[in-house]
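For reference, the structure is listed below as structure tokens.
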Number of protein chains: 2
Amino acid sequence: MTGTADETQGYDVFATRCPSRQTLETVTGRWGALTLAALVDGPLRFGALRRRVDGVSEKMLSQTLKLLEADGLLTRTDHGTAPPMVDYALTDPGALVADAVVRLVDAVYAVQPAVQQARNSA
Amino acid sequence: MTGTADETQGYDVFATRCPSRQTLETVTGRWGALTLAALVDGPLRFGALRRRVDGVSEKMLSQTLKLLEADGLLTRTDHGTAPPMVDYALTDPGALVADAVVRLVDAVYAVQPAVQQARNSA
DNA sequence: CGGCATCCGAATGGATACTG
DNA sequence: CAGTATCCATTCGGATGCCG
């Protein structure tokens, strides 16, 4: 019952033209997956997010957040206080995708021992 | 029961150092996800893979396949015939990960209408 | 057919400095 | 704190040509 990625509503990620392809790229982009995964437990402020997603630069995080927000996967809330306090939270669609990302991460964890072994055999 | 990406065996993708992080990057890389997804229905030859993963160049596909093979997620079988015939197939770990990728793609399909709407609102 | 090697322009992305 | 702007090194990745 594995099945191919069926194009339920006529989408096809394999096609360059399909808008879902771009969505996939945003989601699986360099920092997209980790950013989404970081938010599954609840909203986080910019700084906290930056600390959680180890290695991301301020610039890249900012850019990634904009992309995800533009696609409606997360919301940005500026509390307008001083010092600034802005938090990011998953939308419903975002939560759905983030959930799948977390499961992908879990799959990666599950195979990691095998991966390690394969790397050593090289 | 969503839960964070729990570090079942002590892995943590959020940490730059963790080997699972590199695995995630290989899997979610520019062409990694699509390549894995393309193989869920069974082995494919290089050319077929190239045609399936629309937009990938010969060079990038080759490079992606090497990375995935080095991580033990797929196998390369050279039939040694002339003209050459080489096919790529998922290993068991690879199938596990590819499955999760397909589910992620399905999640993307599911939210695509919402994404579309968000993009138009911008 | 299934690659690899080379070239080179384009895009990525980190570091730093600055702002409200 | 939460960004923006600029600079610049690195990398990415397509095009081309060649080989078994």
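None of these values were measured; they are calculated from a predicted model. Lettering of chains follows the sequences in order, A, B, ..., and the numbering in each one begins at 1.
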Residues that A/L90 engages under side-chain contact (heavy atoms from CB on, under 4.5 Å), provided they are two or more places apart
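Partners of A/L90 by the side-chain contact (heavy atoms from CB on, under 4.5 Å) criterion, ordered by chain and then number, come out as A/L36, A/L39, A/V40, A/A95, A/A98.
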Residues in side-chain contact (heavy atoms from CB on, under 4.5 Å) contact with B/S121, at least two apart in sequence or another chain
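B/S121 satisfies side-chain contact (heavy atoms from CB on, under 4.5 Å) with no other residue.
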Please list, in numerical order, the residues of residues 18-29 of chain B that have a heavy atom closer than 4.0 Å to any atom of DNA chain D.
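Here the set is empty: none.
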Salt bridge (charged side-chain N to carboxylate O under 4.0 Å, His left out): pairs with one or both residues in residues 82-96 of chain B, sequence neighbours excluded
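Sorted result for residues 82-96 of chain B: empty, none.
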When you compare the protein's N or O atoms with those of nucleotides 1-4 of chain C, which come within less than 3.5 Å of each other, and at what distance?
unit_1 : atom_1 : unit_2 : atom_2 : d
C/dC1  : O3'    : B/R45  : NH2    : 3.1
C/dC1  : O3'    : B/P84  : O      : 3.4
C/dG2  : OP1    : B/R45  : NE     : 2.9
C/dG2  : OP1    : B/R45  : NH2    : 3.2
C/dG2  : OP2    : B/G47  : N      : 2.9
C/dG3  : OP1    : B/R76  : NH1    : 2.3
C/dG3  : OP2    : B/Y88  : OH     : 2.6
C/dG3  : N7     : B/E58  : OE2    : 3.0
C/dC4  : OP1    : B/K66  : NZ     : 3.1
C/dC4  : OP2    : B/S62  : OG     : 2.7
C/dC4  : N4     : B/E58  : OE2    : 2.5

How sharply is the helix from C/dC1-D/dG20 to C/dG20-D/dC1 bent, taking the axes over five pairs at either end and rounding to 10 degrees?
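If I round to tens, the end axes sit 50° apart.
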Do A/V56 and A/T35 have side chains that get closer than 4.5 Å, going by heavy atoms?
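No. Closest side-chain heavy atoms not under 4.5 Å.
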side-chain hydrogen bond (donor to acceptor under 3.5 Å, both in side chains) against [X], all qualifying residues, sequence neighbours excluded:
X	value
A/R21	A/E25
A/S62	none
B/Q63	none

Measure up the A/Y88 and A/F46 rings against each other and bin them: parallel (under 30°), tilted (30 to 60°), perpendicular (over 60°).
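It falls in the tilted class, 30° to 60°.
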Do B/V97 and B/W31 land in one hydrophobic cluster if side-chain heavy atoms of ILVMFWY residues count as linked below 4.5 Å?
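Yes, because B/V97 and B/W31 connect within a single hydrophobic cluster, where side-chain heavy atoms sit under 4.5 Å apart.
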Roughly how far apart are A/R45 CZ and A/M85 CE, rounded to 0.5 Å?
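One finds 5.5 Å between CZ of A/R45 and CE of A/M85.
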Set of salt bridge (charged side-chain N to carboxylate O under 4.0 Å, His left out) partners for A/R103, sequence neighbours left out:
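If we apply the salt bridge (charged side-chain N to carboxylate O under 4.0 Å, His left out) test to A/R103, skipping adjacent residues, the hits are A/D99.
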Would you grab the first and last nucleotide of DNA chain D (5' to 3') that comes under 4.0 Å of any non-hydrogen atom in chain B?
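Terminal contacting nucleotides, 5' to 3': D/dG13 to D/dG20.
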Just list the side-chain donor-acceptor pairs under 3.5 Å for residues 68-76 of chain B, sequence neighbours left out, or say none.
unit_1 : atom_1 : unit_2 : atom_2 : d
B/D71  : OD1    : A/R119 : NE     : 2.8
B/D71  : OD2    : A/R119 : NH2    : 3.1
B/T75  : OG1    : B/A89  : O      : 3.4

